[in-house]
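To start, the structure itself, in structure tokens.
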Amino acid sequence: MFEHLREDIASVLERDPAARSRWEVLTCYPGVHALCLHRLAHAAWRHGWCVLGRFISACGRFLTGIEIHPAAVIGRRVFIDHGMGVVIGETAVVGDECTIYQGVTLGGTSLYRNTKRHPTLGKGVVVGAGAQVLGGLEVGDGARIGSNAVVIRPVGAGQTAVGNPAHIVGTGRGSGQGDEGADVRSEFAAYGVTCDANDPLAQALHALLDHAVDTDRRLQQVVNRLEAAGIEFDSAVAAEDDFNASELSRMMD
Ligand SMILES: CC(C)(COP(=O)(O)OP(=O)(O)OC[C@H]1O[C@@H](n2cnc3c(N)ncnc32)[C@H](O)[C@@H]1OP(=O)(O)O)[C@@H](O)C(=O)NCCC(=O)NCCS
């Protein structure tokens, strides 16, 4: 129990840039409180004390705004950030190191009992604020679900799904190519975005690089056309340099 709590606190400190100390996380993070209560509720449920499990779950919802069905299976080092409005259904499975933001529903779309009605999240999945993941589908390891997405189809490992209905976007980590089994913990980026995505300095550097590449390409086109017209580029530049030098000395005189 305490080992799980220690892990929960460590994972919050690792993944929330706003978290400052263990004490702050222990006392002020409803996601941590909800997971502690869920462990009690889940244990009661597994012992057949279903009403007790439901009661603990209801207390957890009252105290934290996070509703986790006592039968749901939640992995280790899961981080529910802010938490208010999160609903995790009865047959949902949440893998280790997943991050879930406020307003997320891991919900069902069928009313049949004893069927897998809720989603299964793999390891290290990030589910953005307000996203709805509906049905007994699978979301692969390291996948990212954009805020307010409505996911009704499976999402592959490492893929990024956004929109309503959700569709896959992006490449790289989001492509799912060859990154299965990657150490999702070390790759975690707060809010599911790449570290420098909104850094103005990085954006300015990228814009400058794009501009330099574009200028090179256009210059090369000019050189090609000059050469096609029979003008030797190097000699043209040398002639221009001579002209500039003589013009400069004339002006200085
Ligand atoms: C989905 C997400 C992980 C993608 O991050 P990213 O890899 O940096 O992706 P980008 O910002 O490059 O966006 C890729 C494309 O998806 C679109 N997109 C990104 N997030 C989206 C969203 N939530 N809904 C709809 N489209 C979205 C972008 O407009 C872009 O589209 P384009 O290629 O047509 O321009 C991120 O945008 C996100 O939603 N994270 C959750 C953040 C969150 O919930 N924070 C709450 C903190 S309290």
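Indexing begins at 1, ligand by ligand and atom by atom, following the structure's order.
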| field | Chi angles and distances behind the side-chain hydrogen bond (donor to acceptor under 3.5 Å, both in side chains) call for D216, Q220 | value | CA-CA 6 Å; D216 272 358; Q220 190 58 48; over 6 Å; no
| note | Checking heavy atoms under 4.0 Å, the part of T160 that sits near ligand 1 is side chain
| note | G146 heavy atoms within 4.0 Å reach ligand 1 at atoms 1 (C), 23 (N), 39 (O)
| So, R117 versus T91: side-chain donor-acceptor pair below 3.5 Å or not? | no
| Where ligand 1 meets Q102 - atom numbers and elements under 4.0 angstrom, heavy-atom basis | 48 (S)
| field | Contact check: Y101 vs ligand 1, nitrogen or oxygen atoms, below 3.5 angstrom | value | no
| message | I'd like to check which ligand 1 atoms, numbered from 1 as shown, lie under 4.0 Å from a non-hydrogen atom of V169. | response | 16 (O)
| remark: Heavy-atom closest pair (L106 atom, A92 atom, distance to 0.1 Å) is CB-CB, 4.4 Å
| query | Near G128, which atoms of ligand 1 are under 4.0 Å from a heavy atom of that residue? | reply | 41 (C), 44 (O)
| Side chain H118, main chain V93, donor-acceptor under 3.5 Å | no
| said: Between ligand 1 and H82, is the shortest N or O to N or O distance under 3.5 Å? | reply: no
| query | Below 3.5 angstrom, do we get any N/O pair linking A129 and ligand 1? | reply | yes
| query | Can any side-chain N or O of R20 pair as donor or acceptor with the backbone N or O of A18 at less than 3.5 Å? | reply | yes
| said: Donor-acceptor pair, distance only, cut-off 3.5 Å: does the side chain of K123 make one with the backbone of V125? | reply: no
